[in-house]
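Okay, structure first, notes after.
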Amino acid sequence: MTSLAARMLRHRPGSSVATLLALALGALILTAMGVLVESGLRYHPEPVRYAAADLVVARTDTTFTGKEFDGEIYRSTVALPEGGTVPAALAGRIRDLPGVSVVGTDENIPVVSTAGVPLSGRGWGSAALTPAVLEAGAAPDRDDEVALGGVRLGSRVDLVVGGVLRSYTVSGSVSGDAVFFTDAQAAALAPHRGEVSAIGVIAAPGADLDDLRNRIAGLAGEARVLTRDDSGLAEQSTDRAAAVLLIQVGASFGGYVVLLVIFVVAATVGLSVRHRRRDLALVRAVAATPGQVRRMIVAESALISVIAGVLGVPGGLAAAHWLTAELTGRGFLPAGFPMVPGALAGPAAFLIVLVSAVLAGLLAARRISRIKPAEALGEAAAEPAGGGKARFIGGLIALAAAGSAALAAVAATGQTAMGAALGMLYLFVLAVSLLAPWINRSAARLLATPLRAVFGTSGYLAAANLRANARGTATVLTSLVLAVGFGGSVWFLQNNIERQAVAENHSGLLASRALVAPAGLSDSAVAALRAVPGVRAATPIRHTTVLAALMGDGESVAARAVDPAGLASTVDLSVKSGSLAALRDGTVAISRTQASMFRWDLGEKVEMRLGDGTAIHPLVVAIYQRGLGFGDVILPLATVVGHTATNLDDEILISASASADAGLREVAAAHPGSTLVDTATLTGGLARDLALSAWLNRMLIAVMVGYTVVAAANTMVMAALARRRELALLRLTGVTRRQVRRMVNAEQIGLLGTAVVLGGAIAALTLSSVVRALTGNLVPYVPPLGLVAVLGGTTVLALATTILPIARLLRVPPVEHIGIKE
Amino acid sequence: MMVHHEPAVRVEGLTRIYPADGEPVRALAGVDAVFTRGTFTAVMGPSGSGKSTLLQAAAGLDRPTSGSVWIGGTELSRLSETKLTELRRGRIGFVFQAFNLIGALTVEENILLPLRLSGTRPDRAWLSQVIERVGLSDRLRHRPSALSGGQQQRVAIARALASRPEVIFCDEPTGALDTNTAADVLALLRAVVDEHGQTVVMVTHDPVAASYADRVIVLADGRIVHDMPQPGADRIAEHLAALGHRRAVTGEGAVR
Ligand SMILES: Nc1ncnc2c1ncn2[C@@H]1O[C@H](COP(=O)(O)OP(=O)(O)OP(=O)(O)O)[C@@H](O)[C@H]1O
Ligand SMILES: [Mg+2]
């Protein structure tokens with residue numbers, strides 16, 4: 001069967017090339033996404049800071065437990081966004097255990113050089129955990145001494161520690177970016193009171209490590225006791241965050257692409273099989289069993305998908321390489337992040353493509369092998385009209401599902417909004433693909449008169465073709481609708497999110513000035529600002545992340561912690577219910593999207609975890625509108641003090657009269673690393689950040705839209721080329737070349753019109769329901785240029801991919817294509 | 001010559017209604033016929049009278065709306081599509097009116113396709129004899145698109161004969177052939193009946209072709225209107241002419 005399949009393929013290179021292209025591109029995209037996921041999953045941090053420790057006690061993540069529908073318990077573990085801590089007192093109890101030689105507690109003290117270079121501040125007691133630290137000089141001995149690299153021994157250095165400028169003498173030179181203080185000084189400067197970020201243990205020679213580990217675990221409570229193999233997990237690193245990002249992005253987009261590939265491949269394989277109805281029916285009539293025909297088609301799809309995999313997977317690996325460079329260049333990935341070569345991603349993508357091609361082949365074969373051999377013979381190039389009842393019912397179900405998804409579309413972050421939009425889109429497109437024969441027939445009936453009026457005889461023929469070929473053009477319609485629907489919704493969704501975030505931020509900022517410092521601002525800055533005459537209010541703000549359970553999974557939610565005092569004169573969150581005046585420790589304000597997504601209500605005590613894993617149960621006192629601009633959760637500053645990595649403020653919003661400017665500048669000057677900006681700059685910075693972080697989304701969306709466009713082009717070229725006999729017949733019966741061309745144009749315009757109307761309606765519905773859930777706006781923003789690009793692009797696509805192949809067919813004398821010479 | 005009296009093919013109350021968009025078309029309106037083993041039957045009748053439909057239903061290519069078909073002792077309506085195919089490729093050969101060949105395969109591969117599908121080893125001697133008789137020895141490596149219409153028809157005949165089926169159905173096998181080649185093909189069909197006891201049912205419009213048969217059945221409007229044993233070309237022509245005349249008269253009567 002395989003060799004027969006191969007022969008049939010070589011005889012019709014057109015449709016196999018189209019299938020090959022769709023599959024190879026699918027394999028390429030999936031491989032690239034797979035490499036991201038695989039790199040993220042396989043990332044295992046090597047210990048650097050704790051490389052000398054045998055055991056490290058730290059809290060690295062937090063676990064949520066949920067119940068499946070069948071009652072089974074499952075866990076989801078989330079890395080702590082602000083890094084966890086362990087009680088400092090634990091160190092003393094570990095020291096008392098037998099077999100322990102050295103115990104060192106470690107701190108992450110936020111330090112910035114006066115040049116703005118971030119350094120990692122530690123106590124000297126933790127130096128023992130890092131191998132070969134001291135290069136020259138001595139350990140710090142007095143409170144005003146530090147050991148750090150790159151500075152002459154004995155000289156004075158100024159460092160911004162915890163947002164405050166301090167001066168030290170350099171006692172020793174160390175490797176890396178660490179600054180060592182004396183243990184006493186470190187404890188005083190540490191962001192957490194009574195807590196440390198990790199405790200490292202060096203065992204006595206000959207001690208039983210496993211036993212020691214168990215004993216420490218007995219004392220450590222929720223904290224984990226890590227061995228050398230994974231003590232790298234305890235080190236705060238940008239690499240770890242990057243690994244999480246890679247998994248998230250790769251998995252979510254990879255998932256959407258898998259669905260897309262299945263759609264497209266099913267359509268292309270289906271079309272190529274449909275175009276060979278007569279050949280296949282003949283094989284059936286000449287004594288192939290339905291099973292044999294099925295096997296032949298499946299063998300054919302498998303064959304093509306293997307070739308596609310061989311082409312697409314290396315392409316995907318190359319694309320992943322390029323993507324890595326781009327991601328590193330744009331700051332999504334730290335330089336030198338270990339990307340894997342894709343030893344799993346490649347085969348996985350290969351397998352997905354193979355399986356979807358085989359399934360598509362099975363589906364197409366099922367349809368073709370069911371027809372009676374006689375049915376497809378003789379004049380049976382004509383399609384049986386209409387689809388089955390099951391198809392119609394399936395289409396209605398998909399439509400109903402899409403409709404209810406549209407009603408239920410609720411989303412919070414950009415990523416989930418995208419998910420909701422795509423889910424809805426896929427359902428709509430599925431409905432269209434199932435109902436396409438009926439849609440085509442109704443459209444043909446509706447368009448008959450206008451087409452005839454505009455195109456005359458050619459229009460009349462076009463309408464007749466559209467009606468008779470309602471089933472054959474189903475794939476073309478579906479792929480056009482997919483392209484229009486995709487291009488018109490997910491792409492613009494990104495625009496809407498960014499625009500809304502900036503707009504909310506802009507209109508919600510009442511403050512006139514802001515003091516910002518990338519390295520953090522201390523309490524003294526707030527106090528100094530409040531003391532400046534003319535300042536009405538100063539609101540310190542910390543950007544943090546909280547975790548909350550959504551259907552059993554730990555979801556990260558962007559949060560801000562603010563000082564409620566004077567909040568009313570610096571920020572307007574557009575409160576819908578409750579009041580921010582009630583915001584104090586033990587309470588929380590949430591955005592409308594947050595409330596609806598997590599089903600939280602005013603006056604309810606809700607459960608969440610701070611960035612370091614501490615569980616809190618605050619009372620919801622206000623629900624506000626402007627979540628995109630200010631984060632979905634607003635906590636009082638008092639709640640998060642001691643629970644963020646730096647324990648410093650990120651910005652201070654200032655409401656002041658213009659006369660206060662001089663005083664404000666003095667405060668800024670007294671806090672190195674901080675800048676006084678007007679709030680327009682602050683919003684502009686947000687817009688820039690958003691645009692940067694949206695780059696990845698945009699790029700991946702562009703890839704998906706591009707893929708749908710290629711798929712649409714593919715199916716249209718295939719459909720056009722399959723018409724050689726029909727067009728030759730028309731020409732032999734006296735239709736001129738010009739008339740044929742006009743007829744094809746008329747058909748294409750009819751199809752295109754239907755696709756644009758449907759795709760546009762789907763895009764509008766999808767976009768507006770998601771945007772509404774996200775921003776409260778009923779009418780989504782559609783950039784005019786984008787609209788022109790989508791509509792114009794589809795038109796050019798539809799005409800070019802049909803008219804060019806048809807023109808080619810028309811150049812050949814019709815007798816070549818006619819008669820029994822098939 | 002040995003005469004077998006068991007039926008090779010039997011159809012009973014055969015009706016086939018095509019569900020068309022407007023009025024359903026009744027292509028067969030209750031046909032009863034027995035084709036005895038080792039006989040050569042010609043099926044004639046005006047265009048659209050249901051000849052192809054009858055052949056396809058009798059060969060198990062199409063399922064009738066009602067009525068039954070027996071090939072030997074097997075009733076077809078109860079067979080699954082796979083069983084039916086297996087029966088067909090073992091016991092039936094079919095030559096279609098048009099579009100007989102698979103473009104991707106060479107002439108030889110087309111001829112061998114049913115054997116290949118059933119996994120049977122071809123009888124080389126028989127094959128070369130068949131190919132010789134249809135005059136295709138020098139075209140075996142060619143693609144169908146390089147053959148004339150008549151040559152393509154001959155390839156299809158060779159394919160139908162290749163597996164030595166019990167029954168061979170031919171839908172206008174000589175329609176596209178010149179007199180000499182047609183005579184060759186008809187003699188070949190006659191020979192498989194006489195020498196190998198196979199059964200041939202052939203649709204034709206040509207009284208001369210029909211005169212090779214043992215029996216002529218004439219269809220009109222989906223019914224058998226004449227069933228004549230070896231009538232000779234002249235009588236066949238007379239019958240057909242009478243039929244054409246009758247239809248013209250009734251046809252005119254129908255027009256206001
Ligand atoms: N697939 C079909 N759908 C609808 N009607 C059909 C179909 N196939 C055949 N018919 C109709 O059934 C009738 C008999 O057709 P059939 O092909 O058996 O005629 P025929 O006797 O073989 O004619 P010819 O000599 O022209 O080949 C015709 O009226 C034809 O229009
Ligand atoms: Mg016929």
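Proteins come first, then strands; the chains are lettered A, B, ... in the order of their sequence lines, and each starts at number 1.
Closest non-hydrogen pair, B/Thr85 versus A/Thr289, comes out as CG2-N, 3.4 Å. Listed here is the closest heavy atom pair of A/Arg284 and B/Arg88: O-NH2, 2.9 Å. Nearest heavy-atom pair across B/Arg89 and A/Ala288 is NH1-CA, 4.3 Å.
Shown here is B/Arg26, whose CZ atom has no more than 12 heavy atoms of other residues, nucleotides or ligands within 6.0 Å. Counted within 6.0 Å of CD on B/Glu132, heavy atoms from surrounding residues, nucleotides or ligands total 12 or fewer; the atom is thus considered open.
B/Thr106 meets the side chain to side chain donor-acceptor pair (under 3.5 Å) test with B/Glu109; sequence neighbours excluded. Partners of B/Asp123 according to the side chain to side chain donor-acceptor pair (under 3.5 Å) rule, which considers only residues two or more places apart in sequence or in another chain, are B/Arg164.
Among B/Thr53, B/Ile92, B/Leu105, the residue making the largest number of heavy-atom pairs under 4.5 Å with chain A is B/Leu105.
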